[in-house]
Amino acid sequence: MTEPVQAPRSEPDRGPHAVDAGDGDGKGIYWVLKNVLVGPPVKRIFRPIVVGAENIPDLGPAIIASNHLSYSDWIFMPLVLRRRVTFVAKSDYFTGAGIKGRFQRGFFKGTGQVPIDRSGGSASEGAMRAGMKVLERGELFGIYPEGTRSHDGRLYKGRTGVARLALEAKVPVIPCGVIGTDVVAPPGKVVASFASPTVKFGDPLDFSRYEGMEGDRLILRAVTDEIMYKIMELSGQEYLDMYATKAKQLEGRAVTGAPKKVRKSDT
C-alpha cells in the first residue's frame with residue numbers, strides 16, 4: 001500500500017455509543033484488546049493514518065468492503081474506527097478444546113470474528129448467513145470482495161457476494177482502501193516494516209435502486225464492479241479483471257512449468 005498519502009484527519013468524537021461490541025460475545029476481550037493490550041501500542045508504533053472516517057455512520061448497519069493486501073488489514077482497519085467491525089472466520093477457530101480452545105474462541109469473538117457455518121452450503125453461503133445476522137443487529141460487517149489476499153499488490157475482480165448481501169440486507173456499502181499493510185506485514189512475515197499504513201473510507205454507496213433484483217446475475221456483477229472501482233480509487237492499485245485465486249494458479253503454473261489445463265471453453 002504505497003501511493004501518495006493524504007494528510008491524516010482526526011476522527012470525530014462519536015460519543016458514548018462509539019464502541020459497538022456486537023451481540024455481547026467477547027465484549028470485554030474486545031475492549032481490553034483495542035484499548036489496552038493491542039490498540040495503544042500498535043497506534044504508537046505504526047501511527048496508522050485514517051482518511052474519511054466521517055463516512056462511517058455512528059449507528060446502524062453497513063457493509064465495509066475493502067481491498068486485502070495483508071493479514072494485518074483486519075487489525076488496522078477496525079483499529080482506526082470507534083465502532084466494532086465484524087468479519088467471518090473459519091469455524092475451526094471456535095471449536096477448539098481445553099485452555100487453548102477457550103482462549104482462541106474468546107480472542108476471535110472479541111476481535112470481531114464470527115464463524116462460517118458450512119452446514120448445508122458452501123463457505124460463501126455461510127458467510128452470507130453470518131453477514132445477514134450481523135447487519136440485522138445493526139452492526140458493521142467487514143468483507144473482502146476479492147475473497148483472498150492479493151499476492152502481488154494488484155486489485156482483483158470482486159466476488160458478487162458483497163452485492164447480494166447489500167441488496168438483500170438493504171444496507172449501504174462503504175468502500176475502503178488500505179495502503180501499505182503489505183509493506184508492514186507481507187506474506188510470510190509477521191512484521192517487516194514500521195511504516196505507517198493508510199486506511200481510506202469512501203462515501204457510502206446506495207444501491208436501493210436495485211431493490212428486489214438480488215437474483216439478477218448481471219445486476220450483482222454491475223454492483224460489485226462499482227464497489228471495486230471505488231476501492232481502486234481509494235487504494236490506488238492497478239486493477240486486473242480476473243479473480244485473485246485464478247491469478248495465483250496461473251502464476252504457480254508459470255513458476256513450476258506445469259502445463260495449463262485446457263477447458264472446452266478454451267477450444
Side-chain angles (χ1 to χ4, degrees), residues 1-15 18-22 26-56 64-89 93 100 103-114 139-144 146 148-155 174-202 231 234-237:
M1 308 182 206
T2 52
E3 71 161 32
V5 179
Q6 295 187 22
R9 300 183 206 168
S10 57
E11 184 182 357
D13 183 5
R14 300 188 186 279
V19 178
D20 177 11
K27 182 176 180 179
I29 297 174
Y30 172 77
W31 190 93
V32 170
L33 287 173
K34 185 170 183 178
N35 296 287
V36 180
L37 298 180
V38 176
V42 168
K43 284 184 176 181
R44 187 162 50 250
I45 294 170
F46 294 97
R47 299 184 181 278
I49 298 167
V50 58
V51 177
E54 68 275 6
N55 290 317
I56 305 298
I64 300 181
S66 176
N67 60 329
H68 197 13
L69 293 171
S70 165
Y71 81 88
S72 64
D73 295 337
W74 70 269
I75 297 175
F76 286 110
M77 190 259 273
L79 189 62
V80 300
L81 298 177
R82 303 294 288 273
R83 294 183 65 184
R84 177 167 133 176
V85 183
T86 299
F87 297 88
V88 293
Y93 294 135
K100 179 181 178 182
F103 176 81
Q104 193 168 258
R105 284 196 302 274
F107 177 82
F108 278 92
K109 285 182 179 180
T111 52
Q113 316 294 307
V114 292
E139 300 168 18
L140 299 177
F141 184 67
I143 191 169
Y144 300 113
E146 293 169 277
T148 186
R149 284 179 290 176
S150 172
H151 63 290
D152 59 5
R154 292 186 289 186
L155 183 69
I174 301 168
C176 173
V178 290
I179 305 165
T181 53
D182 55 338
V183 175
V184 172
K189 294 187 177 181
V190 177
V191 175
S193 170
F194 293 112
S196 296
T198 298
V199 184
K200 296 182 179 181
F201 299 98
I231 293 174
L234 292 167
S235 69
Q237 292 169 276

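Of all heavy-atom pairs between E139 and R83, the closest is CA-NH2, 3.8 Å. When all heavy atoms are compared, the tightest approach of N67 to S235 is ND2-CB, 3.6 Å. Of all the heavy atoms in E146 and R154, the pair that sits closest is OE2-O, 3.8 Å. Counting all heavy atoms, side chain and backbone alike, K43 lies closest to L79 at CE-O, 3.5 Å. Nearest approach of S72 to A185, heavy atoms of both residues: OG-CB, 3.9 Å. Nearest heavy atoms, P40 versus K34: CD-O, 3.4 Å.
Applying the ring pair (Phe, Tyr, Trp, His ring centres under 6.0 Å) criterion to F46, with sequence neighbours excluded, gives F76, F194. Applying the side-chain contact (heavy atoms from CB on, under 4.5 Å) test to V190 and every residue at least two apart in sequence or in another chain returns Y71. Scanning for side-chain contact (heavy atoms from CB on, under 4.5 Å) contacts around P186 gives K189, A192, with sequence neighbours left out. Residues passing the side chain to side chain donor-acceptor pair (under 3.5 Å) test with S193, sequence neighbours excluded: none. Partners of R149 by salt bridge (charged side-chain N to carboxylate O under 4.0 Å, His left out), not counting sequence neighbours: none found.
Taking OG1 from T148 and NE2 from H68, the interatomic distance works out to 6.5 Å, rounded to the nearest 0.5 Å. For the atom pair CE (M77) and CG (L140), the distance works out to 9.0 Å, reported to the nearest 0.5 Å. We find the CG-CG distance between D152 and L69 to be 9.5 Å, quoted to the nearest 0.5 Å.
Between C176 and V199 there is a side-chain heavy-atom pair separated by less than 4.5 Å. Counting only heavy atoms from C-beta outward, the side chains of S66 and V178 approach each other to under 4.5 Å.
Checked by atom type and distance alone, the side chain of Q237 pairs as donor or acceptor with a backbone atom of G153 at under 3.5 Å.
Considering L234, I64, V51 as possible partners of F201, the one that fulfils the side chain to side chain contact (heavy atoms under 4.5 Å, CB included) test is I64. Among the candidates Y144, W74, F141, the single residue satisfying the ring-ring contact (aromatic ring centres under 6.0 Å, His included) test with F87 is Y144.
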